[in-house]
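Heads up: numbering here begins at 1 and tracks the sequence. Ligands are counted one by one from 1 in listed order, and the atoms in each one are counted from 1 as well.
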Amino acid sequence: MRLREFEGPMELLGKSKEELRILRIALGEPAFRGAQIYHALYAERKFDVGQITNLPVALRERLSKEARVTLPEVKQRFASADGSVRYLYALPEGEGKETSRPASVEAVFMPSEGRQTICISTQAGCAVDCHFCLTAQLGLIRNLTAGEIVAQVLLPLEEHKAQLAPPFEAQGKQTNIVLMGQGEPLLNFEPVMAAVRILLDPGGMGISPKHVTLSTSGIVPGIERLAQEKMRPKLAISLNASNDEQREELMPINKKYPLSMLMEACKNYPLRTWEHLTFEYVMLGGLNDAADDARRVVRLLAPLKSVKVNLIPWNPGELPYRESSPERIEEFRRILVDRGVPTFVRYSRGRDVMAACGQLALLQVQSSPLTTLRSAL
Ligand code: SF4
């Protein structure tokens, strides 16, 4: 049997353990060959089948001809003064129903004492249209494949491996992944979950589920579906408002999934013993940062069991919003904390290279005619 998919060689990156098990059956190889390829790809980060030296030479030669490992092309790297690196990846055009606009996505590598965090994208562009987000201006270009999602983690880890302490790096203990780049992860559910399983699998990338967070704008059916998954990341909800009127203004998706529906899904979400739901709240000066907003957020979250809130100061830039003053942010935080809601202020990393929250599309937006769409806001 040949391994070719359609016209070209079979893509290995993004394949699950089970898919590689089927592949080794097709190859007429013993059972452990699939597991060897899986481990080499995701745990050892061998991106050339010729480098998988524990495979017999004949098999390596066959795989070199009939299979491939495609990494996205790094179009540009932007190094921040704070040590973060923002990657701009070029992706091939989509096929079939997807748009044929050229796609590029961003990921950000953020090293800090004893660990590193990688923020990755799940779609090129996004259809959700949150008004405070530059990615929204691109519209949805296309969904990413599982391989394209996993590659955004593999590449920076490989590039920075010299800086990572070997015992921890090998076990993936020091790596945090946040699915908070371009795109709404729950609107690209299958590829995102296929990538997450590889990230979390101890035989794959071996990252703890405590260290992988998926952030959603509040796609209720997606939250309900995620709740059924055996292997799943932590969940964060991008809240950003204290009532429906305000949230609809900022996030039109709230018309489809209003706060009552979203909070009900959160209430029913099965938390593991160590887990809490995180609510992200971008602080927009004069818009959602009043003391009354803080009190309403407390009331919204009151029925939920274990929550925490991250307040994200707004990054001034292209969009017509203001920063909240530090005093206002502190007052907001204090109101929540005094009523028993653990609340933290999270400053975005990589601000000088536009790698901060909501800015992961600036390069494309600046060179796109779509820029004008949001400037009317
Ligand atoms: S904030 Fe997230 S869900 Fe909303 S438009 Fe931007 S990328 Fe999409």
**Message:** Could you check whether Arg247 pairs with Asp244 (Lys NZ or Arg NE/NH1/NH2 to Asp/Glu carboxylate O, under 4.0 Å)?
**Reply:** no
**Request:** Considering the heavy atoms of Cys126, write down every atom of ligand 1 situated less than 4.0 Å from one of them.
**Result:** 3 (S), 5 (S), 7 (S), 8 (Fe)
**Item:** atom 6 (Fe) of ligand 1 to nearest N/O/S of Cys133 below 2.8 Å
**Value:** yes
**Asp129: numbered ligand 1 atoms lying under 4.0 Å from its heavy atoms** = 5 (S)
**Prompt:** Going by atom types alone, do Arg33 and Gln36 pair a side-chain donor with an acceptor below 3.5 Å?
**Reply:** yes
**Fill in**
For Ala136, the ligand 1 atoms with a heavy-atom partner under 4.0 Å come out as 5 (S)
**Message:** Check this for me: does any side-chain nitrogen of one of Lys210 and Glu275 sit under 4.0 Å from a carboxylate oxygen of the other?
**Reply:** no
**Fill in**
atom 4 (Fe) of ligand 1: closest protein heavy atom, distance to 0.1 Å, is Cys130 SG, 2.4 Å
**Message:** Quick check on Glu249: does its CD atom have over 12 non-hydrogen neighbours (other residues, nucleotides or ligands) under 6.0 Å away?
**Reply:** no
**Message:** Please list the nearest protein heavy atom to atom 2 (Fe) of ligand 1 with its residue and the distance rounded to 0.1 Å.
**Reply:** Gly183 O, 4.1 Å
**Asked** Mind checking whether Tyr281 and Phe332 have ring centres under 6.0 Å apart?
**Response** yes
